[in-house]
There are 2 protein chains.
Amino acid sequence: MKEGPDIALLGAMIGDPARANMLIALMSGKALTATEMASEAGITVQTASSHLSKLESAGLLQQRKQGRHRYFTLADDDVAEVLESLMGLAARRGLMRTRTGPKDPALRHARVCYNHLAGDLGVQLFHSLRQRDLLVGSETDFALTDAGRAFLDDMGIDVSALERERRPVCKSCLDWSERRTHMAGALGTAMLERFMDLGWARRVPKSRVISFSPKGQKAFEEHFPTIN
Amino acid sequence: MKEGPDIALLGAMIGDPARANMLIALMSGKALTATEMASEAGITVQTASSHLSKLESAGLLQQRKQGRHRYFTLADDDVAEVLESLMGLAARRGLMRTRTGPKDPALRHARVCYNHLAGDLGVQLFHSLRQRDLLVGSETDFALTDAGRAFLDDMGIDVSALERERRPVCKSCLDWSERRTHMAGALGTAMLERFMDLGWARRVPKSRVISFSPKGQKAFEEHFPTIN
DNA sequence: TGGGTGCTTCGGTTATCATCGAACCATGAA
DNA sequence: TTCATGGTTCGATGATAACCGAAGCACCCA
């Protein structure tokens, strides 16, 4: 018949509303149990279990057993990236799940995208580094300069440790609300963690929102200024 | 209930095998008719029509009427990009379709379409001019820039003379074999004539084939380069 | 004006699959 | 062992939607 990758299978996985809700819930980067995801998607555990096994055999999910629980996460950054790009297209087409509620501005300002910072501040972070030549290269393929490494070192981020991990350090991700690139990869994860360690920001429970304290916001602006 | 873009709808669109086949067929950048896509997907034209209207109302497709035909293309580059990223993920997950049959003969290189150049080279001509901003506007409605006029003047084509004719100077046409836009109108005619005057090409008798000499082919490539 | 073609609409059939109740399995605690 | 909890498997049901035949519409050409 035809050659090439089979996107229909992936589409079908994402196409079911219950499964889509679960995947989006996992975009928070947190590992969730079957029961949590069931309530997230508004279905029973039996149904959720069936969906989870399908998603797993399609290679979209990973599960980790821990005691009596089974924790599910997205399989890898690739999956998160594809979901993000789908959300971008849907947003631009005006395909929204519901009326944009009060949480929406907060989501656009700062939220977690799988494991890194997204939204307004995520975009600002990335472009600030580029404008000051702490990053070189294109928006999709870039690297740290020596000045960039020094800057991150000052912030308390051990870049050489990141480089010893298996994941790519420098990776970008397209933001669905801003429609611009923000920082992903091991570096993106490390920076978000560092912000929270420094007390600049914390996660709002049961949501993707990242809440910056006034002090944290100020510190962020100082560290990542943008021209214009 | 939930906030954020609705990826389930997009997923469902892509999730049906017939629709996925159609979308992948359109990834060639070519415009296809409903009948062609039906046979491509192995379904009847009625069913294809239903799918096409769904895809269109989801904002994934655009249609363009020309004569008795309706040519469908992907809505924009965004859609192609998302499909590409899905194909990437599917490929990495080992989700493949099966092999394709043999392709059509090589009449597609260069031929005459009424009075202008069509086929591979015709498409290249048009897109080369657009890529270098010698033409501005959409694929269906465009005009020459000043740089474009100068460029044509250098080639020995008198644009102002063309403008005194009654026919529209700038017109595009959908290519029979490539299914992408190529140059038509008075300008298309004039350019083909000029190529033959310059000795780059000649008509093969009793056929629509335009035969480029080695030298002519080289000159053509130099005058109308394309990225990709 | 009539005939041919490309495409859409309508109706009815069929098949897939999401869903949940109930039973079953596994782990941990008492 | 027994009980409790988290999760999967099984079976039946119901809703959705893909599918095609037939009819209708739009456009082109002679």
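Reminder, nothing fancy here: chain letters follow the sequence lines and each chain counts from 1. Worth saying up front: this structure is predicted, and the values here are computed from it rather than measured.
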> Between P on D:dG7 and OH on A:Tyr71, what's the gap in Å once rounded to a whole number?
8 Å

> Need two values: the first and the last nucleotide of DNA chain C, 5' to 3', having an atom under 4.0 Å from any heavy-atom of chain A.
C:dA18 to C:dG28

> For B:Leu52 and D:dC19, give me the distance from atom CG to atom C1', rounded to whole Å.
15 Å

> Go through the structure and list residues passing salt bridge (Lys or Arg N to Asp or Glu O under 4.0 Å) with A:Arg202, not counting sequence neighbours.
none

> Roughly how many Å is it from NE2 in A:His51 to C1' in D:dT9, rounded to a whole number?
15 Å

> Do B:Gln62 and B:Glu56 have side-chain atoms, one donor and one acceptor, less than 3.5 Å apart?
no

> Give the table of side-chain donor-acceptor pairs shorter than 3.5 Å for residues 185-200 of chain B, with sequence neighbours excluded, one pair per line with atom names and distance.
from: B:Thr189; atom 1: OG1; to: B:Asn115; atom 2: OD1; distance (Å): 3.4
from: B:Thr189; atom 1: OG1; to: B:Arg167; atom 2: NH1; distance (Å): 3.3
from: B:Thr189; atom 1: OG1; to: B:Arg167; atom 2: NH2; distance (Å): 3.1
from: B:Thr189; atom 1: OG1; to: B:Gly185; atom 2: O; distance (Å): 3.2
from: B:Arg194; atom 1: NE; to: B:Met155; atom 2: O; distance (Å): 2.7
from: B:Arg194; atom 1: NH2; to: B:Met155; atom 2: O; distance (Å): 3.4

> Taking only residues two or more places apart in sequence, or in another chain, which ones meet A:Arg203 in a salt bridge (Lys or Arg N to Asp or Glu O under 4.0 Å)?
none

> Which nucleotide in the list D:dT8, D:dA18, D:dG6 gets nearest to the side chain of B:Lys54?
D:dA18

> Is the shortest side-chain N to carboxylate O distance from A:Arg108 to A:Asp120 below 4.0 Å?
no

> Mind checking side-chain contact (heavy atoms from CB on, under 4.5 Å) for A:Ala110 and listing every partner two or more places apart, or none if nothing turns up?
A:Leu117, A:Leu121, A:Ile210, A:Phe212

> Would you kindly give the CD-to-C1' distance between A:Glu36 and D:dG6, to the nearest whole Å?
12 Å

> Touch check for A:Ala48, heavy atoms < 4.0 angstrom, all strands: base, sugar-phosphate only, or nothing?
nothing

> Taking only residues two or more places apart in sequence or in another chain, which ones pass side-chain hydrogen bond (donor to acceptor under 3.5 Å, both in side chains) with A:Lys171?
A:Glu81

> Looking at residues at least two apart in the chain, or sitting in another chain, which of them share a side-chain hydrogen bond (donor to acceptor under 3.5 Å, both in side chains) with A:Thr44?
A:Gln46, A:Thr47

> Please report, rounded to the nearest Å, how far the C1' atom of D:dT8 is from the CG atom of A:Leu55.
15 Å

> By side-chain hydrogen bond (donor to acceptor under 3.5 Å, both in side chains), which residues pair with B:Ser128, not counting sequence neighbours?
B:Arg132

> Each nucleotide in nucleotides 20-30 of chain D should get exactly one letter: B, S or -. Can you fill that in based on protein heavy atoms under 4.0 Å?
BBB----BB--

> Expressed as a whole number of angstroms, how long is the span from B:Asp16:CG to D:dT16:P?
17 Å

> Counting any heavy atom closer than 4.0 Å, what does A:Thr33 reach on the DNA or RNA strands: base, sugar-phosphate only, or nothing?
sugar-phosphate

